[in-house]
Asks: 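Quick one: this structure, given as structure tokens, is what I'll be asking you about.
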Amino acid sequence: MELSPTTQKYILHWGEMGTRWGVNRTVAQIHALLFLANEPLTAEDIAASLNVARSNVSNSLKELQSWGLARITHVMGDRRDHFVALQDVWEIFRGIMEERKRREIDPTLTVLRECAIEGEHDAAIPPETLARMGEVLAFLEMLSATYSDYKNLPPATLQRMLSMGGKVAKFLSPEEKPGKRGKS
């Protein structure tokens, strides 16, 4: 697959962004390539397009499939596996959020809950330390519950919520509202 300069720039940046998020650069670049491709690609197509080893492509495709971001498809008359990426940006975002929660937040919550229980019986832990652990646990439980509330909302509803931007924060802010000064 011939890549235009703009496509190359996009794929390279996606790879850089992936490394900042803790994702292997090649995995992120393959995801970008599949996302931009207008037809399913074989592992050989991907290796040639990105100039990476076929074995690296295979491992990266397995990683993308485990994230639910790519899947195998077949093309009539070709026995090789072809790959496609999710094309809906909202579904990509939802998939990434779900996997990050499953891989990072859920195990952390398990350990923090265990620490909260064990800390109650640990005479060597200062109360202030236990309180800080409790604050982190409460924060992550709130984030997790909020995520559960929002994860199944239709994309149109999420778009409307995001387009409201800071208006919701201003509405909910406990700070004094203009024009309300002196009234209580």
Side-chain angles (χ1 to χ4, degrees), residues 10-11 13-37 40 58-73 81-122 125-177 180:
Y10 186 98
I11 291 170
H13 182 73
W14 201 256
E16 290 298 321
M17 199 168 59
T19 61
R20 292 182 189 137
W21 291 349
V23 175
N24 176 287
R25 181 187 319 268
T26 304
V27 171
Q29 288 178 344
I30 290 172
H31 179 251
L33 177 67
L34 290 173
F35 177 71
L36 297 176
S58 292
N59 291 331
S60 298
L61 286 168
K62 287 177 187 169
E63 181 71 10
L64 286 170
Q65 290 174 82
S66 77
W67 281 79
L69 297 174
R71 65 179 173 79
I72 294 175
T73 189
D81 288 337
H82 290 68
F83 297 88
V84 293
L86 284 176
Q87 296 296 303
D88 183 317
V89 173
W90 289 97
E91 288 303 318
I92 293 169
F93 176 74
R94 189 185 315 262
I96 291 171
M97 293 300 295
E98 185 65 30
E99 276 303 305
R100 292 205 86 112
K101 179 183 176 300
R102 188 182 69 78
R103 294 175 184 211
E104 299 167 20
I105 302 298
D106 292 348
T108 301
L109 277 171
T110 299
V111 172
L112 290 176
R113 288 177 185 133
E114 290 170 0
C115 287
I117 292 168
E118 293 168 13
E120 291 292 328
H121 307 288
D122 185 349
I125 191 166
E128 300 85 5
T129 302
L130 191 58
R132 285 195 296 273
M133 287 181 182
E135 289 174 16
V136 173
L137 174 59
F139 176 76
L140 287 179
E141 284 184 330
M142 183 178 66
L143 282 180
S144 182
T146 301
Y147 172 73
S148 295
D149 289 343
Y150 292 134
K151 74 178 182 181
N152 293 321
L153 291 176
T157 302
L158 289 172
Q159 284 178 316
R160 284 196 303 271
M161 287 176 55
L162 291 175
S163 68
M164 294 167 63
K167 294 174 190 168
V168 174
K170 287 179 185 171
F171 177 75
L172 297 174
S173 174
E175 295 177 15
E176 193 170 311
K177 306 260 189 279
K180 300 277 184 181

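All residue numbers refer to positions in the sequence shown, counting from 1.
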Asks: Taking only residues two or more places apart in sequence, or in another chain, which ones meet Leu69 in a side chain to side chain contact (heavy atoms under 4.5 Å, CB included)?
Replies: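 Result, side chain to side chain contact (heavy atoms under 4.5 Å, CB included) vs Leu69: His31, Leu64, Trp67, Leu86, Ile92, Ile96.
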Asks: If you compare all heavy atoms of Leu137 against all heavy atoms of Ala116, which two are closest, and at what distance to 0.1 Å?
Replies: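 In this case the closest contact between Leu137 and Ala116 is CD2-CB, 4.0 Å.
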Asks: Could you tell me which non-hydrogen atom of Val23 sits nearest to which non-hydrogen atom of Val27, and how far apart they are?
Replies: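 Closest approach of Val23 to Val27: CG1-CG1, 3.9 Å.
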Asks: Would you check if Glu120 and Leu130 make a side-chain contact, meaning some heavy-atom pair closer than 4.5 Å?
Replies: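 A side-chain contact exists here, since the closest heavy-atom pair is under 4.5 Å.
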Asks: Distance from Leu162 atom CG to Thr157 atom OG1, nearest 0.5 Å?
Replies: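 Leu162 CG to Thr157 OG1: 11.0 Å, rounded to 0.5 Å.
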Asks: Does Phe139 have any side chain to side chain contact (heavy atoms under 4.5 Å, CB included) partners at least two apart in sequence or in another chain, and if so, which?
Replies: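 Phe139 satisfies side chain to side chain contact (heavy atoms under 4.5 Å, CB included) with Met142, Leu143 once adjacent residues are dropped.
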Asks: Test side-chain contact (heavy atoms from CB on, under 4.5 Å) on Trp21 and Arg100; report intermediate values, then the result.
Replies: CA-CA 10 Å; Trp21 291 349; Arg100 292 205 86 112; 3.8 Å; yes
Asks: Closest approach of Thr108 and Glu104, non-hydrogen atoms and distance?
Replies: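 Taking Thr108 first and Glu104 second, the nearest heavy atoms are OG1-O, 2.7 Å.
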Asks: What pairs meet the salt bridge (Lys or Arg N to Asp or Glu O under 4.0 Å) rule with one or both residues in residues 136-148, with sequence neighbours excluded?
Replies: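 Residue pairs passing salt bridge (Lys or Arg N to Asp or Glu O under 4.0 Å), neighbours aside: Arg113-Glu141.
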Asks: Name all residues meeting the side chain to side chain contact (heavy atoms under 4.5 Å, CB included) criterion together with Asp88; count only those two or more places apart in sequence or in a different chain, and write none if there are none.
Replies: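 Once residues adjacent in sequence are excluded, the partners of Asp88 under the side chain to side chain contact (heavy atoms under 4.5 Å, CB included) criterion are Trp90, Glu91.
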Asks: Mind checking what makes side chain to side chain contact (heavy atoms under 4.5 Å, CB included) contact with Glu128, not counting sequence neighbours?
Replies: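 Checked Glu128 against side chain to side chain contact (heavy atoms under 4.5 Å, CB included); matches are Pro126, Arg132.
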Asks: Please tell me if the side chains of Ile125 and Met133 come closer than 4.5 Å, counting only heavy atoms from C-beta onward.
Replies: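 A side-chain contact under 4.5 Å exists here.
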Asks: If you compare all heavy atoms of Gly18 against all heavy atoms of Ala28, which two are closest, and at what distance to 0.1 Å?
Replies: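 Residues Gly18 and Ala28, closest heavy atoms: CA-CB, 3.9 Å.
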Asks: Of all residues at least two apart in sequence or in a different chain, which pass the ring-ring contact (aromatic ring centres under 6.0 Å, His included) check with Tyr10?
Replies: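 Per chain and number, Tyr10 pairs via ring-ring contact (aromatic ring centres under 6.0 Å, His included) with Trp14.
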Asks: Taking the side chain as everything from C-beta on, heavy atoms only, tell me whether Phe83 gets closer than 4.5 Å to Thr73.
Replies: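 No, side chains not in contact.
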Asks: Test of understanding: with salt bridge (charged side-chain N to carboxylate O under 4.0 Å, His left out), list the residues that count as partners of Arg71, not counting sequence neighbours.
Replies: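 Partners of Arg71 under the salt bridge (charged side-chain N to carboxylate O under 4.0 Å, His left out) test: none.
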Asks: Give, for atom CZ of Arg25 and atom CD1 of Ile11, the distance between the pair rounded to the nearest 0.5 Å.
Replies: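 Between atom CZ of Arg25 and atom CD1 of Ile11 there are 13.5 Å.
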Asks: Could you state the interatomic distance from NZ (Lys101) to CG (Asp106), rounded to the nearest 0.5 Å?
Replies: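 Output value for this atom pair is 3.5 Å.
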Asks: Mind checking whether Leu61 and Leu34 have side chains closer than 4.5 Å, heavy atoms only?
Replies: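 Heavy-atom side-chain distance check passes, below 4.5 Å.
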Asks: Can you name the side chain to side chain donor-acceptor pair (under 3.5 Å) partners of Tyr150, sequence neighbours left out?
Replies: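 Applying side chain to side chain donor-acceptor pair (under 3.5 Å) to Tyr150 gives none.
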Asks: Among all residues two or more places apart in sequence or in another chain, which pass the side chain to side chain donor-acceptor pair (under 3.5 Å) test with Asp81?
Replies: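 Here the qualifying residues are His74.
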Asks: On a heavy-atom basis, which atom in Gln87 and which in Phe35 lie closest, and how many Å separate them?
Replies: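 Taking every non-hydrogen atom into account, OE1-O, 3.1 Å.
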Asks: I'd like to know whether Leu153 forms a side-chain contact (heavy atoms from CB on, under 4.5 Å) with Met161, so could you lay out the CA-CA distance, the side-chain angles of the two residues, the decisive distance to 0.1 Å, and finally the verdict.
Replies: CA-CA 10 Å; Leu153 291 176; Met161 287 176 55; 3.9 Å; yes
Asks: Could you work out, with side chain to side chain donor-acceptor pair (under 3.5 Å) as the rule, every residue matching Glu99, not counting sequence neighbours?
Replies: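 Applying side chain to side chain donor-acceptor pair (under 3.5 Å) to Glu99 gives Arg102, Arg103.
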Asks: Indicate yes or no for a side-chain donor-acceptor contact from Ser148 to the backbone of Ser144 under 3.5 Å, with no hydrogens or angles considered.
Replies: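 Pair found, side chain donor or acceptor close to backbone of Ser144.
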Asks: What pairs with Gln65 under side chain to side chain donor-acceptor pair (under 3.5 Å), at least two apart in sequence or on another chain?
Replies: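 With sequence neighbours excluded, Gln65 shows a side chain to side chain donor-acceptor pair (under 3.5 Å) to no residue whatsoever.
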